[in-house]
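Notes follow once the structure below has been shown.
Throughout, a chain's letter reflects where its sequence line sits, starting with A, and its residues are numbered from 1. Everything numeric in this text was worked out from a predicted model, so none of it was measured.
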Protein chains: 2
Amino acid sequence: MANLADLIEDFIKDMFSRIPGGILDIQRNEMANRFGCAPSQINYVLTTRFTLERGYFVESRRGGGGYIRIRKLKIREDEFLKEIIDYIGDSISGSEARALITRLREEKVISEREKEILNAVINRYNLGIPLPERDRLRARILKSVITAIMDYEARKGGELS
Amino acid sequence: MANLADLIEDFIKDMFSRIPGGILDIQRNEMANRFGCAPSQINYVLTTRFTLERGYFVESRRGGGGYIRIRKLKIREDEFLKEIIDYIGDSISGSEARALITRLREEKVISEREKEILNAVINRYNLGIPLPERDRLRARILKSVITAIMDYEARKGGELS
DNA sequence: TGATTTGACTTTCCCTGACCTTCAATTATA
DNA sequence: TATAATTGAAGGTCAGGGAAAGTCAAATCA
């Protein structure tokens, strides 16, 4: 412990505990100032600690009035999700992915249209990069999509078509 | 948020929601006065937020009695999607992609849930590969998703939430 | 050796001010 | 009176400064 990245991580998580709603906007420079470090250190923390696997989603905007927005996803406790994320691991082939998507449809986790969308997303020609990186990319994207769906449902609740 | 350009954008969009017809006339100076900014700021907002890509068309007239007229375009869905694919080209940045997804949602081409899914898919942190290949990958995925949607609609048709 | 940290450099976005163009109305002039 | 010049009221353009955040590779640390 006691390295900077961990401190910053804890600090941000602490901020989350103090706000309602699960959406936190921070300023990169302000953060860097507070910890007396290089601004890029903040990026390092975000890319290593606030990942989807760990239940966060990060967006940002540059320029005047820019910000970094961190969303804490509402689904960490979902067993089904965990299993799927585990199953995907950090690499998944096209056929495994298609089977998984079919399964998600059968379980009514996704709609017919969403199934088509996902199949398009994980298609090898669309990913268009060589193996084995392609299977890793596919895994990242699939996990992010499933996470997004779960988070959406956790936030809004509701059924599917 | 909280930058002027966003406020002005919201203000204008709010005016649109209050009028019938989709044609809105504004005065540049009056607008600048209302927001206490330079008149050219209004042009900035118009050229960055009320573009064709985002579904608006702007005309104006100088001189005494001059005005700026903003038209909200009506779309024909099939052509619209083809145009979007052209617009994407073979590389697209994250912010362009987000604007595009927002537009697809505004035009009710996609559902709220699908919007979340797509935002997750095109997110920098989730794609996790370096530029410039990242922007190309994003373009390929987005185009294939849109194609899949067109295809699905052609086969099944139907409305959205 | 892998994780952390930094710094130099890049890119994106916002906002303004100085200067330009267009148009309509009014005034001056032949 | 018919036309020409003037004026003032719009809107347009562009370069530049500044404010963020992003990238990447080299250095450092455990």
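A:Arg136 is linked by a side-chain contact (heavy atoms from CB on, under 4.5 Å) to A:Ser91, A:Pro132, A:Glu133, A:Arg140, counting only residues two or more places apart in sequence or in another chain. With sequence neighbours left out, the salt bridge (Lys or Arg N to Asp or Glu O under 4.0 Å) criterion links A:Arg34 to A:Glu30. Residues satisfying the side-chain hydrogen bond (donor to acceptor under 3.5 Å, both in side chains) criterion with B:Asp78, sequence neighbours excluded, are absent altogether. Among residues two or more places apart in sequence or in another chain, the side-chain contact (heavy atoms from CB on, under 4.5 Å) test is passed with A:Leu4 by A:Ile8, A:Phe35, A:Cys37, A:Gln41. The side-chain contact (heavy atoms from CB on, under 4.5 Å) check on B:Lys115 picks up B:Ile101, B:Arg105, B:Ile110, B:Glu112, B:Asn119, with sequence neighbours excluded. Judged as a side-chain contact (heavy atoms from CB on, under 4.5 Å), and not counting sequence neighbours, the contacts of B:Thr51 are B:Glu53, B:Arg54. The salt bridge (Lys or Arg N to Asp or Glu O under 4.0 Å) check on A:Glu106 picks up nothing, with sequence neighbours excluded.
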Exercise for review: Test A:Phe16 against A:Phe11 for ring-ring contact (aromatic ring centres under 6.0 Å, His included), laying out the working first.
Suggested key: CA-CA 9 Å; A:Phe16 264 113; A:Phe11 183 80; over 10 Å; no

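Clustering of Ile, Leu, Val, Met, Phe, Trp and Tyr by side-chain heavy atoms under 4.5 Å joins B:Leu73 with B:Leu52, B:Phe57. In the hydrophobic clustering (ILVMFWY side chains linked at under 4.5 Å, chained through shared members), A:Leu131 stands by itself.
Among the heavy atoms of the strands, none lies under 4.0 Å from A:Thr48. Note on B:Arg69: nothing from the nucleic acid sits closer than 4.0 angstrom, heavy atoms only.
Residues from residues 36-45 of chain A lying near DNA chain C, meaning a heavy-atom separation below 4.0 Å, are A:Cys37, A:Ala38, A:Ser40, A:Gln41, A:Tyr44 in numerical order. Within residues 28-35 of chain B, the residues having any heavy atom closer than 4.0 Å to DNA chain D are, in order of number, B:Arg28, B:Asn29.
As a whole-Å value, the separation of B:Asn3 CG from C:dC15 C1' is 10 Å. Going from atom CD of A:Glu59 over to atom P of C:dT12 covers 18 Å, rounded to whole Å. Rounded to whole Å, atom C1' of C:dT5 lies 15 Å from atom CG of A:Leu46.
Taking every nucleotide of DNA chain D with any atom under 4.0 Å from a non-hydrogen atom of chain A, the first and last of them, 5' to 3', are D:dA19 to D:dC24.
Not one side-chain nitrogen or oxygen of A:Arg62 sits closer than 4.0 Å to the OP1 or OP2 atom of C:dT10. Residue A:Arg61 has no polar side-chain atom (N or O) positioned under 4.0 Å from OP1 or OP2 of C:dT11.
A residue-by-residue look at B:Tyr67 and B:Tyr125 shows that B:Tyr67 has its nearest nucleotide of DNA chain D further toward the 5' end. DNA chain C is contacted by both A:Gly63 and B:Gly65; A:Gly63 maps to the nucleotide lying nearer its 5′ end (nearest heavy atom per residue).
Remark: the B:Arg124 side chain and the A:Ser60 side chain contain an N/O donor-acceptor pair separated by less than 3.5 Å.
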